[in-house]
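Encoded as structure tokens, the structure appears first; notes follow it.
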Amino acid sequence: MPDERTETPIDEPARRKTQRNAMIPAGIVIAVVVLLALGGLLLHHAESKINDVALSSLPKPVTVVRAGGTTFRASRTYVGTIEPWVRAAVGPQLVSAYVDTVLVRPGAVVKKGDVLATLDCRNASATSQAVAMQARSLDARQRAAAHEASRTQGLLDGGFVSSNEAEQKSAQSESEQAQLLATKARLLGTTLEVNDCVMRAPFDGEIATRNIDPGAFVRPGTAIVVVVDRSVVRVAGDAPEVDFGVVAPDAEVRIHVLSTGLDLTGKVSRRAPAADDATRTVHFEVDVPNTDRSIPVGTTAELAIDVGEPASAVAVPLQATSIRGTKASVFVVENGVAHARVVPVLGERAGTVFLDPSLSAGALVVTEGRALLEDRDKVHSEVDEAKSAAPAASTVGSVP
């Protein structure tokens, strides 16, 4: 029996290395199993999020409003200009001179005859005085010649002078009279020139513009200031020739003043008997009292005139329609399905479209989401009650 103490001992480091080498395949197997399990979990998670239902088959969310029943009356709309009843550009008409003073500014209220401006007309004044003195001299000479001719005629009756001498005295008197009249005519002209140096208000009104300041040189026809009378204003417009009958005198007109937001009513006061040669439009005017002078002139106004009689209509928001010509395309929701409809357009006003009553009142019309719709698409609708309120019983709109 051999002695145990004589056996060869196992090398301890080699044994440990052998154990480590045996554990490597096991670790690899465990890692592969973990990776496979993790991949399966990710695959299951991804597949659980996939929608197997086609989106086209799902109801599309839209917003609808109820079409409101109303009445519609067509109208014509024009753009007009508010003009003063009287307007005058005040300036010299006969003389050219330097401006001496300008006494008014825009907004000033003036009375007829008030001095608005003066010119430096010393030359015209001196000329007028010279002509006046010449007229006085001729007047004295004419009186003396007339008296002499009268005395000569008396001597002729007594036979103391010849007929020839009497005729010469009479002719001299008539010549002096003619020269006197010619000088008085010149005096009248120079007086007009002197008076033209003082600019006066031709009527009661207000100063609209001041174009010239003192020191400027002006010629005949130059406007120094512009005076307007707007106690009554004229709202002037131009209508196409086909609307000649629409703008007949006494036709009712609704006026909206853009500058102040004021809404007025009036009647056509006058209409031109012929159309403009270049534009083929007919001029018409509406007189509006403006005693408080609240309406500024030279501004813009919108004019509307009703045409025809009121007719039944259905009102929908403009955003619910797609208009081409006189037809409007809309989507009407019935039983959760959107149906495309084409309806005649009667008119439009202030963001509301008035359609033919063939579209029944109370129908649900799509406003939001209609761009993605096609005929017979399923929809999930939400009614916008704020926009579903029907308009007033009688509405006037413009023809498209």
Side-chain angles (χ1 to χ4, degrees), residues 73-94 106 202-203 205-212 218-290 293-309 323-327 345-350 353 396-400:
R73 187 178 184 184
S75 68
R76 298 290 189 272
T77 303
Y78 312 100
V79 177
T81 302
I82 302 176
E83 300 178 354
W85 182 251
V86 184
R87 178 183 182 275
V90 180
Q93 303 300 314
L94 302 173
F203 48 80
E206 301 165 277
I207 302 300
T209 60
R210 167 172 163 163
N211 304 321
I212 302 296
V218 294
R219 294 177 174 82
T222 303
I224 298 177
V225 296
V226 175
V227 185
V228 296
D229 176 12
R230 57 187 183 120
S231 58
V232 176
V233 296
R234 299 177 294 113
V235 184
D238 295 286
E241 57 184 343
V242 295
D243 288 347
F244 182 79
V246 176
V247 295
D250 295 330
E252 293 286 343
V253 183
R254 297 188 307 279
I255 305 170
H256 176 68
V257 181
L258 294 184
S259 59
T260 62
L262 186 64
D263 292 316
L264 306 168
T265 58
K267 293 184 178 181
V268 176
S269 302
R270 60 195 66 87
R271 177 190 61 185
D276 183 86
D277 292 339
T279 62
R280 291 297 187 268
T281 55
V282 179
H283 185 79
F284 67 97
E285 294 180 351
V286 181
D287 295 341
V288 178
N290 187 35
R293 292 174 172 79
S294 60
I295 303 176
V297 296
T299 56
T300 305
E302 293 179 349
L303 311 177
I305 302 178
D306 297 340
V307 180
E309 298 297 329
I323 300 177
R324 175 172 292 183
T326 60
K327 303 286 186 178
V345 178
L346 300 181
E348 181 267 331
R349 180 180 176 86
V353 179
V396 177
S398 59
V399 174

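Being a predicted model, the structure only gives us computed values, none of them experimental.
- By the 4.0 Å N-to-carboxylate-O rule, Arg293 lies close enough to Glu206 to be salt-bridged with it.
- A distance-only check finds no donor-acceptor pair linking the side chain of Thr279 to the backbone of Asp276 [under 3.5 Å].
- Side-chain contact between Val297 and Pro84 is present, with at least one heavy-atom pair separated by less than 4.5 Å.
- Atom OG1 of Thr299 is separated from atom CD1 of Ile82 by 3.5 Å, given to the nearest 0.5 angstrom.
- The side-chain heavy atoms of Thr81 and Thr300, taken from C-beta on, include no pair separated by under 4.5 Å.
- By the 4.5 Å heavy-atom criterion applied to side chains, Pro296 and Thr260 are counted as neighbours.
- In this structure, Arg76 pairs ionically with Asp243, as a charged nitrogen and a carboxylate oxygen lie closer than 4.0 Å.
- Atom CZ of residue Arg254 and atom CD1 of residue Ile305 lie 9.0 Å apart, to the nearest 0.5 angstrom.
- Between atom CG of residue Asp229 and atom CH2 of residue Trp85 there is a gap of 9.5 Å, rounded to the nearest 0.5 Å.
- The closest side-chain heavy-atom distance from Asp238 to Tyr78 is not below 4.5 Å.
- Nearest heavy atoms, Arg87 versus Val228: CG-CG1, 3.9 Å.
- Contact of the Glu241 side chain with the Thr281 side chain is not registered, since no non-hydrogen atoms from C-beta on lie closer than 4.5 Å.
- Annotation: the span from Arg234 atom CZ to Arg270 atom CZ amounts to 7.0 Å, rounded to 0.5 Å.
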Verdict with supporting geometry, Asn211 and Ile224, side chain to side chain contact (heavy atoms under 4.5 Å, CB included): CA-CA 5 Å; Asn211 304 321; Ile224 298 177; over 6 Å; no
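- Cation-pi geometry between Arg271 and Phe244 is met: the NZ or CZ atom falls under 6.0 Å from the ring centre, inside 45° of the normal.
- In this structure a side-chain-to-backbone donor-acceptor pair under 3.5 Å is missing from Glu252 to Asp250.
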Side chain to side chain contact (heavy atoms under 4.5 Å, CB included) evaluation trace for Leu303 with Val235: CA-CA 9 Å; Leu303 311 177; Val235 184; 3.4 Å; yes
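- Nearest heavy atoms, Val282 versus Ala275: CG2-CB, 4.2 Å.
- The pair Asp287-Lys267 does not count as a salt bridge, with every side-chain nitrogen at least 4.0 angstrom from each carboxylate oxygen.
- Using a 4.5 Å heavy-atom threshold, the side chains of Ile255 and Thr265 count as separate.
- Exactly one residue among Val257, Asn290, Val253 makes a side-chain contact (heavy atoms from CB on, under 4.5 Å) with Leu264. That residue is Val257.
- Val353 places a side-chain heavy atom less than 4.5 Å from the side chain of Ile323.
- In this structure, Asp263 CG and Glu302 CD are separated by 9.5 Å, a value rounded to the nearest 0.5 Å.
- Salt-bridge annotation for Arg73 and Asp306: present, with a side-chain N of the basic residue lying under 4.0 Å from a carboxylate O of the acidic one.
- Heavy atoms only, all atoms of each residue included: Pro92 and Thr222 are closest at CD-O, 3.5 Å.
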